[in-house]
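Sequence positions, counted from 1, serve as the residue numbers for this chain.
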Amino acid sequence: MHPSPSPPASSRRRLQMPSAADLRRLATPFNLFVAVDLLVIVVSGAILFMVLVKWIRPDGGSKQATDDWIEVSSQVLNAVFTLNALLTAPSRMLNAWRLIAYHALRNRLIRASAAPINPSSETNVRARVRARHLADRLEAVYSPLRLPPLPPAPSNPGATPTKVNADADDDDDVNNDDPTTASTSLDPAVFPLFTWYSIIAFYNLNCHFQWPMAAVMWGWAADYHSRPSYLVYTFLVLSFVCGGIAGIWQAILSGRIAKARKAAKAAGTDPAAAAAASTDARVVIDSEDASTGSAGSAATVVVVVEPVGETAPARVEEARALLRRSGEAVEDPRSSHRLGAVHDTVR
């Protein structure tokens with residue numbers, strides 16, 4: 001008889017038990033909190049369900065004992081849900097503020113690019129850096145979703161303003177006058193601001209519907225027999241539905257992104273790279289005063305070079321020349337771009 005072949009190495013690795021080092025790595029305070037939190041929810045929910053269906057009959061099934069068990073289990077669940085809402089609400093409200101701020105800054109930059117003024121002014125450059133910082137934070141939380149990009153930065157201070165529509169990209173339709181829609185339509189991870197507002201709003205409502213439910217639960221804790229149960233059920237369902245819509249919506253969009261990227265990889269194309277290649281290199285100059293670019297200036301200069309497209313080398317050389325005339329140069333760490341752009345800082 002031939003000996004049976006041994007399982008492949010990949011199977012042996014999958015069947016291997018985690019080591020003590022792996023367990024220590026997983027035993028972080030956050031993971032322990034999540035584990036305890038889920039354990040309390042599962043146990044309390046199971047007890048509540050089994051009492052309601054009479055799988056558990058406290059004190060022989062007496063009504064008073066059954067009501068007491070239901071009330072205790074419900075209060076435990078309410079306390080855990082309220083704690084979770086208290087912990088997640090600040091960050092979700094902060095993300096809502098970040099999205100509003102990004103939207104406002106983006107509209108300002110779009111209007112500035114269409115106005116008969118210098119679009120590379122210090123105010124607009126700082127707005128661009130701030131908007132990218134906000135976008136990086138939001139996209140890190142809701143990865144792999146990405147925000148609609150900012151309008152292209154001028155390649156030089158004398159660039160001719162581009163006529164754009166400040167509200168064009170808020171719709172799903174592509175506007176030919178908006179320079180941002182070219183890269184948006186090529187990248188499947190970019191979704192309109194309406195989608196971002198909707199998902200973040202549902203996440204926030206998931207937390208905020210917990211407050212009236214907690215008030216009703218605790219307000220009638222001493223006399224729970226007279227508690228208006230319809231209020232509890234209403235806010236509980238609303239909270240769960242909002243959280244479910246936000247989570248499922250984000251998961252569906254993430255699945256679409258993964259499917260599009262897989263198809264692009266199989267076809268030998270990269271949507272993100274194609275979106276980046278559709279835009280020319282851009283150079284942004286920022287300074288502490290109006291003397292940027294003047295010979296012998298001691299002002300601190302932040303130069304963000306995004307070398308994409310065929311003319312990128314020329315744009316990089318242009319930035320180097322500007323830096324040599326400007327003096328000291330530093331890189332702003334908040335100005336990282338999201339399409340694989342390279343930041344070139346020359347001293």
Side-chain angles (χ1 to χ4, degrees), residues 18 22-49 69-103 130 133-147 191 193 195-222 224 227-229 231-255 334:
D22 295 333
L23 294 177
R24 282 194 299 269
R25 215 166 25 245
L26 292 174
T28 62
F30 176 78
N31 289 342
L32 291 176
F33 171 79
V34 172
V36 173
D37 187 87
L38 292 176
L39 179 63
V40 172
I41 291 175
V42 170
V43 172
S44 300
I47 292 175
L48 178 61
F49 174 77
W69 276 58
I70 293 174
E71 176 66 14
V72 171
S73 299
S74 300
Q75 289 290 0
V76 170
L77 288 172
N78 176 65
V80 174
F81 292 152
T82 304
L83 176 61
N84 293 343
L86 286 171
L87 294 176
T88 56
S91 62
R92 292 178 177 181
M93 293 173 66
L94 179 60
N95 288 332
W97 174 85
R98 286 171 175 163
L99 181 60
I100 294 172
Y102 176 83
H103 192 179
R130 177 60 178 163
H133 174 63
L134 293 170
D136 289 342
R137 293 296 186 89
L138 285 169
E139 292 174 351
V141 175
Y142 298 99
S143 178
L145 276 64
R146 291 182 44 217
L147 287 158
F191 291 95
L193 290 172
T195 302
W196 280 84
Y197 275 116
S198 300
I199 292 176
I200 292 180
F202 278 121
Y203 274 126
N204 276 274
L205 289 175
N206 169 247
C207 291
H208 297 322
F209 280 131
Q210 177 61 32
W211 315 135
M213 186 177 70
V216 174
M217 289 293 296
W218 293 336
W220 279 268
Y224 60 86
R227 177 188 296 132
S229 57
L231 292 177
V232 177
Y233 298 145
T234 299
F235 291 118
L236 179 65
V237 171
L238 288 174
S239 179
F240 281 2
V241 167
C242 289
I245 290 175
I248 294 173
W249 195 346
Q250 184 178 355
I252 291 175
L253 296 182
S254 300
R334 299 175 302 173

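Here the CG atom belonging to L145 is positioned 8.0 Å from the OG1 atom belonging to T195, to the nearest 0.5 angstrom. Remark: L205 CG to L238 CG distance equals 9.0 Å, nearest 0.5 Å. Taking CG of N204 as the start and CE of M93 as the end, the distance is 7.0 Å to the nearest 0.5 Å. Remark: W218 CH2 to M213 CE distance equals 9.5 Å, nearest 0.5 Å. Rounding to the nearest 0.5 Å gives a distance of 11.5 Å between CD1 of I100 and CG of L193.
Side-chain contact between L99 and L147 is present, with heavy atoms from C-beta onward closer than 4.5 Å. Between Y102 and W196, the closest side-chain pair of non-hydrogen atoms is not below 4.5 Å. Taking the side chain as every heavy atom from C-beta outward, W69 and L48 never approach each other to under 4.5 Å. At least one side-chain heavy atom of I200 sits under 4.5 Å from a side-chain heavy atom of Y142.
Residues in residues 200-211 take part in no salt bridge (charged side-chain N to carboxylate O under 4.0 Å, His left out) pair, two or more places apart or across chains. Evaluation of the salt bridge (charged side-chain N to carboxylate O under 4.0 Å, His left out) test over residues 231-245, restricted to residues two or more places apart or in two chains, returns none. Under the side-chain hydrogen bond (donor to acceptor under 3.5 Å, both in side chains) criterion, the residue pairs touching residues 244-255 are Y203-Q250, with sequence neighbours excluded. Screening residues 198-216 for salt bridge (charged side-chain N to carboxylate O under 4.0 Å, His left out), with sequence neighbours left out, gives no hits.
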Return a table of donor-acceptor pairs under 3.5 angstrom between the side chains of residues 25-40 and protein atoms on other chains or two or more places apart.
unit_1 : atom_1 : unit_2 : atom_2 : d
R25    : NH2    : D22    : OD1    : 2.3
T28    : OG1    : N31    : N      : 3.2
T28    : OG1    : N31    : ND2    : 3.1
N31    : ND2    : L26    : O      : 2.8
D37    : OD2    : N84    : ND2    : 3.3

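Between C242 and N206 the shortest heavy-atom distance is CB-N, 3.9 Å. The two residues F81 and Q210 have their closest heavy-atom pair at CB-OE1, 3.5 Å. Nearest heavy atom pair, residue V76 against residue S44, reads CG1-OG, 3.1 Å. Heavy-atom minimum distance, M217 versus Q75: O-NE2, 3.1 Å. Heavy-atom minimum distance, A214 versus N78: CA-OD1, 3.5 Å. Contact detail for C207 and A85: the closest heavy-atom pair is O-CB, 4.0 Å.
Side-chain contact annotation: R92 with N95, donor-acceptor N/O pair under 3.5 Å absent.
Partners of W97 according to the side chain to side chain donor-acceptor pair (under 3.5 Å) rule, which considers only residues two or more places apart in sequence or in another chain, do not exist here.
Listed for the S91 side chain is a donor-acceptor partner under 3.5 Å among the backbone atoms of T88.
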